[in-house]
Amino acid sequence: MKPQPCALKTKHEVQLYDLCTSGHLSTMRGHAQPVTSLNIHSSPPNTLVTGAADRRVRVFDTRRGSQPAMTLSGHQGAVVSTQCDDWKVASGG
């Protein structure tokens, strides 16, 4: 059966679990302050987008490990909302 990922955030990182087996898949790291937003459901396959109080958006490829594939900056405050599709990331704060 194909893994069904589920993401849970902890203070500065996101834990990724397989819903079919309850097994831990990966720990996504990179934020310097608490994670305040994440989006995996409406994102493209194998993509997790997070936002944090560190004013950064991080895009993870869930197949490639714990470090972000891309880091986006530009917010003046905490990122509290993130969305992603096949060709863009939207974030709010």
Side-chain angles (χ1 to χ4, degrees):
M1 188 172 235
K2 181 179 173 186
Q4 299 295 313
C6 172
L8 301 172
K9 63 182 180 174
T10 60
K11 191 167 184 169
H12 296 241
E13 57 193 30
V14 175
Q15 305 294 326
L16 193 64
Y17 293 89
D18 182 328
L19 289 176
C20 295
T21 67
S22 300
H24 183 260
L25 297 173
S26 186
T27 300
M28 306 304 188
R29 295 183 173 91
H31 286 290
Q33 294 185 17
V35 175
T36 53
S37 174
L38 63 88
N39 185 292
I40 194 170
H41 177 69
S42 65
S43 296
N46 305 306
T47 303
L48 169 68
V49 181
T50 61
D54 63 7
R55 303 182 319 221
R56 303 284 189 268
V57 173
R58 305 222 191 276
V59 180
F60 294 89
D61 181 337
T62 60
R63 301 165 297 184
R64 299 185 73 203
S66 64
Q67 296 303 314
M70 181 182 301
T71 299
L72 306 169
S73 60
H75 283 274
Q76 299 300 308
V79 178
V80 296
S81 177
T82 53
Q83 286 278 229
C84 180
D85 65 17
D86 289 332
W87 60 276
K88 66 185 173 301
V89 173
S91 58

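One is the number of the first residue; the rest follow in order along the sequence. As the structure is a prediction and not an experimental result, all values here were calculated from the model.
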When you look at Ser73 and Arg56, which way does the side-chain hydrogen bond (donor to acceptor under 3.5 Å, both in side chains) test go after all the steps? CA-CA 5 Å; Ser73 60; Arg56 303 284 189 268; 4.8 Å; no

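- Residues Gln33 and His12 have side chains that never bring a donor and an acceptor to within less than 3.5 angstrom of each other.
- Rounded to the nearest 0.5 angstrom, Leu38 CG and Cys84 SG are separated by 12.5 Å.
- Side-chain N or O atoms of Ser26 include none that pairs as donor or acceptor with a backbone N or O of Met28 at under 3.5 Å.
- A pairwise comparison of heavy atoms in Val79 and Arg55 identifies CG2-C, 3.9 Å as the closest pair.
- In this structure, CZ on Arg58 lies 12.5 Å from OG on Ser91, to the nearest 0.5 angstrom.
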Test Leu25 against Thr62 for side chain to side chain contact (heavy atoms under 4.5 Å, CB included), laying out the working first. CA-CA 9 Å; Leu25 297 173; Thr62 60; over 6 Å; no

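- Criterion: ILVMFWY side-chain heavy atoms under 4.5 Å apart, direct or through other members. Under it, Ile40 and Val59 are not part of a common hydrophobic cluster.
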Decide side-chain hydrogen bond (donor to acceptor under 3.5 Å, both in side chains) for Thr27 and Glu13; before the verdict, give the C-alpha distance in whole Å, the side-chain angles of both, and the deciding distance to 0.1 Å. CA-CA 7 Å; Thr27 300; Glu13 57 193 30; 5.0 Å; no

Would you please test Thr82 and Ser37 for side-chain hydrogen bond (donor to acceptor under 3.5 Å, both in side chains) and show each step? CA-CA 6 Å; Thr82 53; Ser37 174; 2.9 Å; yes

Which donor-acceptor pairs under 3.5 Å do the side chains of residues 45-52 make with protein atoms, sequence neighbours left out?
| unit_1 | atom_1 | unit_2 | atom_2 | d |
| --- | --- | --- | --- | --- |
| Thr47 | OG1 | Pro45 | O | 3.4 |
| Thr50 | OG1 | His31 | NE2 | 2.7 |

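- Residues Met70 and Val89 share a hydrophobic cluster, clusters being chains of Ile/Leu/Val/Met/Phe/Trp/Tyr side chains in contact below 4.5 Å.
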